[in-house]
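In the text below, chain A, chain B and the rest are named by the order of the sequence lines, each starting its count at 1. All values derive from a computational prediction rather than experimental measurement.
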Amino acid sequence: MRYFPTYNEYMAKIPHKFTPRDFEAKWQAFWEAHEVYKTPLISPNSPSSPKSYILDMFPYPSSAGLHVGHPEGYTATDIYARYQRMKGFLVLHPMGWDAFGLPAENYAIKVGVHPAKTTASSIATFKRQITALGFSYDWTKELNTSDPVYYRWTQYIFTLLYQKGLAYKKKAPANWCEKCQTVLANEQVVAGKCERCHNNVIQKEIEQWFFKITAFAEDLLRDLERLDWPESTKKGQKNWIGKSEGMTIRFELQDNKQNSADSSQKRPKFLEVFTTRPDTLLGVTFLVLAPEHDGVLSITQIDNKPQMLKYQDKARAKSELQRASLEKDKTGVFTGAYAIHPLTHQPIPIYVADYVIMGYGTGVVMGVPAHDPRDYAFAAKYGLDILPVCISKEAYNKLSQEKSGNKNSGKFENQREIISAKGQIQFPQAENNNKLENPVLIDQLSSIGFTLPYCGKGYSVNCGKYSGLNSDDCYNKISEDIKISQIGRSETKYKLRDWLISRQRYWGAPIPIIYCGKCGMNLVPESDLPVLLPDDVDFRPTGESPLQRSAKFHQVKCPKCGGKARRESDTMDTFVCSSWYFIAFAFWEQMKGLESGIKNLESGKNQKNPDSKFKIQDSENNPFSFFSKEISTWLPVDLYVGGAEHTVLHLLYSRFITKALFKAQIIGFNEPFLRLRHIGMILGLDGQKMSKSRGNVINPDEIVEKFGADTMRLYEMFMGPIADKKPWNTHGVEGCRRFLSRIWHLFTETDKQILDCEQAKIWELTQELTMAVEGDIQELKFNTAIAKMMTWLNAVTGEIPNKSQIQNPKTSQNSLTTLNSLKVFLKILAPFAPHSAEELNFILSDTDIKNYKSIHLEKWPVFSQKADSASLSNKIFLVEVNGRVIERITNYELRITNNKDETEKFCLNLPKIQAKLAGRTIKKTIFIPNKLINFVA
RNA sequence: GCCGAAGUGGCGGAAUUGGUAGACGCGCAGGUCUCAAAAACCUGUCUUGCUCAAACAAGGUGAGGGUUCGAGUCCCUCCUUCGGCACCA
């Protein structure tokens with residue numbers, strides 16, 4: 001026979017003080033033992049239960065351990081996940097590790113320990129710290145991107161993209177250090193020098209792997225519309241994709257006989273430019289090629305060759321960052337060659353300048369100095385002609401007036417005019433004439449205060465038959481003419497460039513490719529995946545890809561002919577690993593069960609699991625199809641929370657991989673994250689970004705140790721809106737601890753007689769609180785939700801009577817007892833402070849721990865009667881005169897707030913209102929039922 | 001330079017989306033308890049004026065203008081701070 005202590009006996013045992021450390025670990029163990037947060041299995045007979053996939057951006061497990069910034073997002077999703085479970089949703093809320101990457105490798109190089117080891121210990125630390133905060137993750141889903149069981153499928157995705165023509169290899173410039181003989185990431189280039197040896201970093205063309213994300217540019221742009229994401233993030237993605245619509249226009253080269261600097265190469269007959277402003281075509285006075293343009297040398301005239309070669313070398317030596325940072329200082333070299341303007345047929349000089357980038361458009365730009373600041377700066381520096389062909393509406397009107405005033409010669413439009421910076425150039429824009437009449441000159445423009453360059457739209461001038469048109473009409477007219485004469489076409493360009501995924505590094509997923517002298521480049525057969533990272537590698541950087549130094553890894557047989565072959569030695573960008581992990585969570589515990597680990601994989605043969613239909617040798621069978629039911633059940637992610645620093649790359653890459661898998665009909669959804677919210681950074685006490693060097697880092701372990709996990713959680717949520725950045729304040733933490741402590745005392749020190757007593761007011765407050773908190777949780781406004789709970793506590797504390805004050809204690813069975821109110825409150829508190837709510841609920845439940853049911857498995861409170869009518873009685877009705885509040889009355893006093901006439905009568909009788917209105921006549925009365933009445937006098 | 005977010009007490013921040021500005025917390029001040037302190041609890045706390053005080057009145061959300069019966073909230077101009085992109089033709 002078990003002994004069950006009575007409620008009062010329990011009360012006697014409760015520690016008088018609130019000491020969360022006494023019970024937090026206990027409940028964490030309880031939750032784990034009872035699988036309280038286990039992801040529900042999807043059952044075919046309950047298809048109506050709605051699912052909710054709530055995901056954090058998984059962390060990179062650094063050796064520094066958890067940072068106070070991490071728990072901010074994790075607490076937010078945890079509250080939301082717990083709330084969703086209480087609302088009856090099937091919830092998937094997993095956690096994993098973004099374990100590959102450069103920092104681990106660099107750290108490993110520094111301390112001489114293998115990155116697998118350092119990563120494993122970092123993960124252990126992270127997991128311990130995360131667990132201490134009592135998050136409701138289902139740890140059976142835990143995944144690690146550096147686990148072969150995981151990266152096998154990263155490699156599978158590579159294979160798939162390769163087969164679909166979305167992965168390809170090409171030469172691309174990379175930061176290269178000659179002395180270290182290695183490729184450097186942008187972060188490793190400090191002021192143009194290698195951070196290790198301080199040698200100059202140059203741009204070197206290297207064969208690298210790319211994913212063809214540009215194939216999805218339009219989809220990636222269009223589908224943003226239907227996502228519930230912060231507008232700023234959407235905008236960031238839009239800008240990154242950088243769609244612009246314009247025209248590609250052909251400029252014939254002037255025939256220069258055999259003067260080409262490089263006669264070995266065929267000289268192009270024409271150059272194509274891309275422009276978004278074809279309406280300024282007549283303002284073109286030169287062309288500019290990017291230094292890397294492959295036509296540069298064949299176009300350059302012999303006399304200009306030495307200078308050109310020097311310039312190309314110089315451009316190559318500049319990193320992209322440097323090139324950008326040089327900003328406005330334009331440099332360039334004349335090729336000596338000329339192109340023919342497609343409309344005027346006049347020769348225009350061709351230059352090479354590094355302000356033109358090869359990677360965008362055609363690598364050739366039409367120079368319109370009057371209407372582009374860069375072209376203007378370039379023209380000014382090299383003395384090129386500047387021809388205004390578009391002026392603002394105001395300038396146009398002014399000139400019109402001047403003309404008609406001076407010459408009395410009618411309208412400004414239909415003129416055929418020309419202008420030159422120096423008054424020398426003559427463009428035959430007039431069809432039958434070499435000269436135009438009445439050119440609009442720069443002097444004229446400056447006299448009316450119109451300055452160049454002018455980039456806006458307006459009206460065309462000096463444009464022959466196009467003069468006088470507004471910019472849009474001019475665009476259309478020129479566009480039409482160009483298309484008819486077949487010298488150009490409409491085109492859409494994107495800034496987005498293909499995703500470079502090659503890394504000449506060790507700590508990443510190997511790219512599953514084999515090169516054979518006979519058969520060329522081949523995929524590793526799917527049955528041979530994963531291509532395991534060798535552990536006999538000296539991963540320290542010495543020049544080549546580290547994997548090349550592992551003979552075991554490097555030398556293989558060709559999968560086709562069986563001859564000698566070598567493996568691809570580059571690894572994949574870690575962003576590849578993190579761009580599908582949200583899918584893996586859907587089936588990960590099953591996956592881990594099926595693939596019984598690294599040992600089998602390393603033996604070279606993948607062991608079949610006899611109990612499963614899932615055979616990883618089978619190329620038709622991959623987890624995406626084998627677990628398609630799990631994937632289609634859980635995905636896409638319903639709420640995704642993480643830092644704003646991933647605004648562009650991670651989110652865009654994940655969207656791309658999702659779309660690629662969707663297009664390959666491997667998954668049934670084409671957007672991974674339906675709702676996205678960011679978390680703001682937590683700053684140090686000094687309001688600065690936390691960093692070791694500043695010494696202002698707050699360690700979450702210390703906070704948990706000192707105040708308990710629930711206080712930590714509450715404080716991080718109470719600081720402010722999750723998206724804002726906000727400074728840490730230790731006094732604020734104490735305030736949250738005090739709040740929990742006050743709850744503790746309310747629950748443990750209130751007499752049982754009082755608890756059993758009916759308290760309608762407390763019940764009403766609790767009912768209002770429930771609805772208010774629920775609304776806030778849905779919008780992730782946890783700061784105000786907590787504030788409302790504090791307000792509730794203040795009010796309830798005031799409502800609890802002393803024992804002596806109770807005249808006739810009604811120990812009713814009515815639901816309106818204080819005890820019931822408190823129990824409801826605990827459910828509201830539970831998502832925020834899960835340990836304290838659990839402990840207090842346990843105490844109130846008056847049961848043995850063996851029979852105890854966790855509060856986190858309870859349903860969110862619902863009320864039989866609505867609180868509306870009750871709360872209305874407390875609502876304040878405003879009486880205003882001329883929009884100023886004069887009197888506040890409760891609806892209870894007024895009773896009739898939805899009737900205008902009666903309310904008006906009542907309010908006009910109020911003494912204060914009469915005083916205000918004395919001697920005035922009411923012009924107007926504004927009445928809003930249940931809110932206010934305003935007398936305008 | 002372009003794009004984005006934001007400016008509210010001594011501080012972090014609220015404000016039903018056009019309707020009581022400053023909720024809630026911190027800090028500070030006063031008090032209760034105590035030999036004392038800490039803790040805990042209670043009270044007060046935008047500014048100014050008149051006041052012992054209460055009450056009352058006026059002003060007040062970066063600056064200036066506008067719309068409105070009514071603006072922290074909407075519109076225009078400007079200033080400041082932070083974040084992202086950066087020669088994208």
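Scanning for side-chain contact (heavy atoms from CB on, under 4.5 Å) contacts around Ala379(A) gives Phe286(A), Pro369(A), Leu384(A), Ile386(A), with sequence neighbours left out. Every residue was checked against the side chain to side chain donor-acceptor pair (under 3.5 Å) condition with Thr921(A), not counting sequence neighbours, and none meets it. Legend: residues meeting side chain to side chain donor-acceptor pair (under 3.5 Å) with Lys243(A), ordered by chain and number and at least two apart, are Glu218(A). With sequence neighbours left out, the side-chain contact (heavy atoms from CB on, under 4.5 Å) criterion links Lys235(A) to Asn239(A). Take Asp776(A) and apply the salt bridge (Lys or Arg N to Asp or Glu O under 4.0 Å) test, not counting sequence neighbours, and it matches Lys788(A). Taking Asp710(A) as the reference, Glu24(A), Arg713(A), Leu740(A), Ala833(A), Pro834(A), His835(A), Ser836(A) meet the side-chain contact (heavy atoms from CB on, under 4.5 Å) condition, with sequence neighbours excluded.
Counting any heavy atom pair closer than 4.0 Å across all strands shown, Asn783(A) reaches sugar-phosphate atoms only and no base atom. No contact: Pro230(A) has no heavy atom under 4.0 Å from any strand. Within the 4.0 angstrom heavy-atom criterion, base atoms lie near Lys495(A). In this structure, Asp724(A) reaches neither bases nor backbone, as no heavy-atom distance under 4.0 Å exists between it and the strands shown.
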Pairs: protein N or O with nucleotides 17-21 of chain B N or O, under 3.5 Å:
| unit_1 | atom_1 | unit_2 | atom_2 | d |
| --- | --- | --- | --- | --- |
| G19(B) | N2 | Glu880(A) | OE1 | 3.0 |
| U20(B) | O2 | Arg888(A) | NE | 2.7 |

Dump every N/O contact between nucleotides 57-61 of chain B and the protein below 3.5 Å, one line per pair.
| unit_1 | atom_1 | unit_2 | atom_2 | d |
| --- | --- | --- | --- | --- |
| G59(B) | OP2 | Arg884(A) | NH1 | 3.0 |

Each nucleotide N or O in nucleotides 37-45 of chain B that has a protein N or O under 3.5 Å away: list the pair and distance.
| unit_1 | atom_1 | unit_2 | atom_2 | d |
| --- | --- | --- | --- | --- |
| A40(B) | OP1 | Arg738(A) | NE | 3.3 |

Name the pairs: protein N/O against N/O of nucleotides 9-12 of chain B, kept only if under 3.5 Å.
| unit_1 | atom_1 | unit_2 | atom_2 | d |
| --- | --- | --- | --- | --- |
| G12(B) | O2' | Met719(A) | O | 2.8 |

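A distance of about 15 Å separates the P atoms of U61(B) and G66(B), rounded to the whole Å. Straight-line distance between the P atoms of C24(B) and C41(B): roughly 16 Å, to the nearest whole Å. Using P as the reference atom, U16(B) and G49(B) are 33 Å apart when rounded to the nearest Å. Between G25(B) and U77(B), the distance separating the two C1' atoms is 38 Å to the nearest Å. A54(B) sits 28 Å from A15(B) when the C1' atoms are compared, rounded to a whole Å. Going from the P atom of G10(B) to that of G1(B) covers 33 Å, rounded to whole Å. Atom name P, nucleotides U68(B) and G13(B): the rounded distance is 35 Å, in whole Å. For the P atom pair drawn from C28(B) and A86(B), the interatomic distance equals 46 Å after rounding to whole Å.
No donor-acceptor contact under 3.5 angstrom links the side chains of Tyr715(A) and Asn729(A), judged on distance only. Thr248(A) and Glu491(A) are linked by a side-chain donor-acceptor pair at a separation below 3.5 angstrom, with hydrogens and angles left out of the test. When only modelled atom types and interatomic distance are considered, Thr331(A) and Tyr355(A) share no side-chain donor-acceptor pair under 3.5 Å. Under 3.5 Å, the side chains of Arg742(A) and Asn794(A) contain a donor-acceptor pair of N or O atoms.
Remark: Tyr360(A) is in phosphate contact with A89(B), judged by side-chain N or O atoms under 4.0 Å from OP1 or OP2. For A89(B), the OP1/OP2 oxygens have a side-chain nitrogen or oxygen of Ser244(A) closer than 4.0 Å. Side-chain nitrogen and oxygen atoms of Lys924(A) include at least one within less than 4.0 Å of the OP1 or OP2 phosphate oxygen of C69(B). For Asn239(A) and A86(B), the shortest distance from a side-chain N or O to OP1 or OP2 is not below 4.0 Å.
Rounded to an integer number of Å, the gap from Leu685(A) CG to G27(B) P is 14 Å. If you measure from atom NE2 of His293(A) to atom P of A89(B), you get 17 Å, rounded to the nearest angstrom. Taking atom CD of residue Glu491(A) and atom C1' of nucleotide A89(B), one finds them 14 Å apart after rounding to whole Å. At whole-Å resolution of the value, OH in Tyr494(A) and C1' in C85(B) are 20 Å apart. Going from atom CD of Gln237(A) over to atom P of C85(B) covers 13 Å, rounded to whole Å. What separates CE of Met790(A) from C1' of A14(B) is a distance of 13 Å, to the nearest Å. Following rounding to the nearest Å, Leu649(A) (CG) and C85(B) (P) show an atom-to-atom distance of 8 Å. One can place NZ of Lys238(A) at 16 Å from C1' of C2(B), the figure rounded to the nearest angstrom.
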Item to complete: Show the numbers, then the answer: is there a ring pair (Phe, Tyr, Trp, His ring centres under 6.0 Å) between Trp499(A) and Phe210(A)?
Response: CA-CA 5 Å; Trp499(A) 175 12; Phe210(A) 287 84; over 10 Å; no
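Residues in residues 357-376 of chain A take part in no ring pair (Phe, Tyr, Trp, His ring centres under 6.0 Å) pair, two or more places apart or across chains.
Comparing Phe935(A) and Trp240(A) against RNA chain B, the residue whose closest nucleotide sits nearer the 5' end is Phe935(A). Looking at which nucleotide of RNA chain B each of Met366(A) and Ile786(A) is closest to, the 5′-most match is held by Ile786(A).
Phe18(A) pairs with exactly one of Phe707(A), Phe739(A), Trp744(A), Phe747(A) by the ring-ring contact (aromatic ring centres under 6.0 Å, His included) rule, that one being Trp744(A).
Between the base of C87(B) and the side chain of Lys330(A) there is a donor-acceptor pair shorter than 3.5 Å.
By the 6.0 Å contact criterion, NZ on Lys381(A) is enclosed, its count of non-hydrogen atoms from other residues, nucleotides or ligands being greater than 12.
Annotation for Leu496(A) and Thr214(A): closest pair O-CG2, 3.3 Å, computed over non-hydrogen atoms.
The strand RNA chain B forms stems, runs of 3 or more Watson-Crick or G-U wobble pairs with distances below 3.5 Å, at B:1-7 with B:79-85, B:10-12 with B:24-26, B:27-32 with B:40-45, B:46-49 with B:56-59, B:62-66 with B:74-78.
A 4.5 Å side-chain heavy-atom check between Asn882(A) and Val936(A) finds at least one atom pair inside the cut-off. Leu289(A) places a side-chain heavy atom less than 4.5 Å from the side chain of Leu271(A).
The side-chain tip of Lys330(A) does not point at the ring of Phe378(A) from less than 6.0 angstrom away and within 45° of straight on. Annotation: cation-pi geometry satisfied between Arg655(A) and Trp229(A) (NZ/CZ under 6.0 angstrom from ring centroid, within 45° of ring axis).
For U17(B), the glycosidic angle deviates from 0 by 90° or less, giving a syn base.
For Thr784(A), the listed nucleotide lying nearest its side chain is A15(B); candidates were C26(B), C87(B), A15(B).
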